[in-house]
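Every chain is numbered from 1, with letters handed out A, B, ... down the list of sequences.
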Number of protein chains: 2
Amino acid sequence: MSPDITFVAALMADQARSRMLLALLSGKALTATELALEADITAQTASSHLSKLVEGQLLVVRKQGRHKYFQLQSLEVAQLLESLLNLSSVLAHPKARTGPADPLLRKSRVCYDHLAGEVGVGLYHSLLEQQLLTEHSDQVMLTKQGVDFFTAIGVNLTELEKQKRPLCKACLDWSERRTHLAGALGQWVLQDILNQGWAVRDNDSRVLHFHLKGMASFCKRYRFRTSNQALTGSD
Amino acid sequence: MSPDITFVAALMADQARSRMLLALLSGKALTATELALEADITAQTASSHLSKLVEGQLLVVRKQGRHKYFQLQSLEVAQLLESLLNLSSVLAHPKARTGPADPLLRKSRVCYDHLAGEVGVGLYHSLLEQQLLTEHSDQVMLTKQGVDFFTAIGVNLTELEKQKRPLCKACLDWSERRTHLAGALGQWVLQDILNQGWAVRDNDSRVLHFHLKGMASFCKRYRFRTSNQALTGSD
DNA sequence: CGGATACTTCGATGGGGGTCGAAGCAAAGT
DNA sequence: ACTTTGCTTCGACCCCCATCGAAGTATCCG
């Protein structure tokens with residue numbers, strides 16, 4: 001028979017656990033107490049939940065001294081969470097307030113290992129407009145110019161292509177309902193932003209705080225015209 | 001804050017409900033009693049579950065005389081189910097027997113609206129080998145020859161491309177752990193198989209029964225070399 | 001060696017929800 | 001009109017599990 005999907009679904013069907021999982025969607029490894037705080041439960045309860053999530057192989061755990069760091073087990077888990085987010089945000093079921101989320105979160109946030117939110121969506125469509133990227137419905141590929149462009153700014157595409165994961169992937173944004181860039185290249189872009197010091201990650205959320213000058217450099221590099229609203233959260 | 005994913009997850013976190021959903025993954029509309037039978041519960045319990053699923057917008061219902069026909073609400077729901085199946089089958093959690101499923105199901109089955117199982121996977125890789133399809137990691141596209149080929153066998157590609165959904169889509173097969181063809185073209189292929197009378201759908205499952213001659217025609221059309229094992233379930 | 005911090009185990013409590021029997025309603029068929 | 005079939009509502013039962021307090025173990029720090 002079919003595998004038992006209720007097992008995985010049940011693991012995600014709890015407020016506390018789903019909050020933890022969503023917090024881990026930032027890609028950062030978090031400790032048990034941090035996750036307990038995030039889910040607003042006591043350490044005991046969190047411990048029980050976390051052991052279930054590890055047991056169920058949704059999380060991996062790394063022990064470091066007296067701390068235990070938890071992370072999502074795989075990209076697949078992150079993708080499942082994203083698709084759940086998507087479907088959930090689309091559905092207008094009574095309990096979920098469909099209202100606008102934290103504006104900073106909408107602006108720019110980390111989606112596991114790549115850039116999401118308005119900035120992520122904006123970048124994606126800017127790349128499309130410049131014909132560096134082609135989008136055939138769901139399939140996204142670099143154009144010839146795109147290959148040249150990213151090679152020029154220092155991406156080793158042949159190296160990235162060695163990875164199992166796709167180079168480009170269209171990831172549907174739950175706040176924007178439009179696609180943004182995921183995949184190995186999406187990861188590279190986020191890493192680059194951080195390496196350049198254009199933005200810093202919020203410690204307590206998935207928010208990505210762009211510095212003013214960083215946003216400018218970012219726009220320049222990707223020839224990306226952003227609306228004039230303040231996109232920076234700090235500085 | 002984030003939308004409440006526990007709502008959707010909880011809907012899928014029940015044996016009876018998930019069985020119903022999985023049964024509906026065949027794409028067919030089923031009545032309440034059929035679904036009750038499928039989930040092995042009484043009509044009362046099924047009624048309660050089904051109203052929850054409709055309320056939660058995972059299903060749509062169509063009343064016809066004294067029957068009520070249920071269907072998955074959207075392709076997104078089907079995709080969520082597929083990804084849950086994938087993750088669940090990969091994870092080796094104790095409760096799920098990871099053993100081989102029903103051999104007929106493994107051979108050839110319907111995955112919502114396209115072909116899956118060994119035949120589906122085989123077709124996909126055959127198309128790749130013939131360079132009718134190119135696969136850039138996750139992105140699948142028809143090659144020039146592919147366009148010619150499908151046009152030659154009667155596909156109106158421009159018509160198919162009008163749909164919102166992608167023309168080609170790689171869908172990971174949970175039994176084979178390899179990709180098969182989904183998307184509008186995948187749907188066309190399945191429709192064609194049925195129209196040609198090469199195979200019939202099982203009434204009680206997602207199994208697709210190929211006739212001997214049908215399988216031969218199918219292989220011929222797609223220049224597809226299948227292993228000599230009997231791929232037919234009937235005839 | 002204490003004392004603090006991080007995490008776990010145990011036990012008790014309570015609530016949510018899955019289940020079915022019985023009865024009710026609605027639509028066909030005869 | 002009567003019966004059959006398909007589905008729903010109501011009510012009662014009961015099990016599962018999330019939660020927390022208290023106590024226990026492990027690790028680091030001074």
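Note on ring orientation: taking the six-membered ring where Trp is involved, the planes of Trp198(B) and Phe218(B) are perpendicular (angle over 60°, cut-offs 30° and 60°). Between His180(B) and His114(B), the ring-plane angle classifies as tilted under the 30° and 60° cut-offs.
Summary for the helix from dC1(C)-dG30(D) to dT30(C)-dA1(D): the axes at its two ends, each from 5 pairs, differ by 20° when rounded to the nearest 10 degrees.
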Under 3.5 Å between N/O atoms: give me all the protein pairs with nucleotides 8-11 of chain C, atom names plus distance.
{"unit_1": "dT8(C)", "atom_1": "OP1", "unit_2": "Lys68(A)", "atom_2": "NZ", "d": "2.7"}
{"unit_1": "dT8(C)", "atom_1": "OP2", "unit_2": "Ser47(A)", "atom_2": "OG", "d": "2.7"}
{"unit_1": "dT8(C)", "atom_1": "O5'", "unit_2": "Ser47(A)", "atom_2": "OG", "d": "3.2"}

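The phosphate of dC29(D) has neither OP1 nor OP2 within less than 4.0 Å of any side-chain N or O from Arg66(A). Side-chain N/O atoms of Thr42(B) include none lying less than 4.0 angstrom from OP1 or OP2 on dT19(C). Distances shown here put every side-chain N or O of Lys63(A) at or beyond 4.0 Å from the OP1 or OP2 atom of dC7(C). One finds a side-chain N or O of Thr45(A) lying less than 4.0 angstrom from the OP1 or OP2 phosphate oxygen of dC20(D). The side chain of His49(A) contributes no N or O atom lying less than 4.0 Å from OP1 or OP2 of dC17(D). The side chain of Thr33(B) places an N or O atom within less than 4.0 Å of a non-bridging phosphate oxygen (OP1 or OP2) of dC7(D).
Taking OG1 of Thr31(A) as the reference point, atom CD of Gln64(A) lies at 11.0 Å (rounded to 0.5 Å). The NZ atom of Lys107(B) lies 8.5 Å from the CE atom of Met215(B); values are rounded to the nearest 0.5 Å.
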Exercise for review: Could you walk me through whether Glu34(B) and Arg19(B) pass salt bridge (charged side-chain N to carboxylate O under 4.0 Å, His left out), step by step?
Suggested key: CA-CA 12 Å; Glu34(B) 286 171 330; Arg19(B) 281 208 216 173; over 6 Å; no

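One finds a salt bridge joining Arg206(B) and Glu82(B) here, because a Lys/Arg side-chain nitrogen approaches an Asp/Glu carboxylate oxygen to under 4.0 Å.
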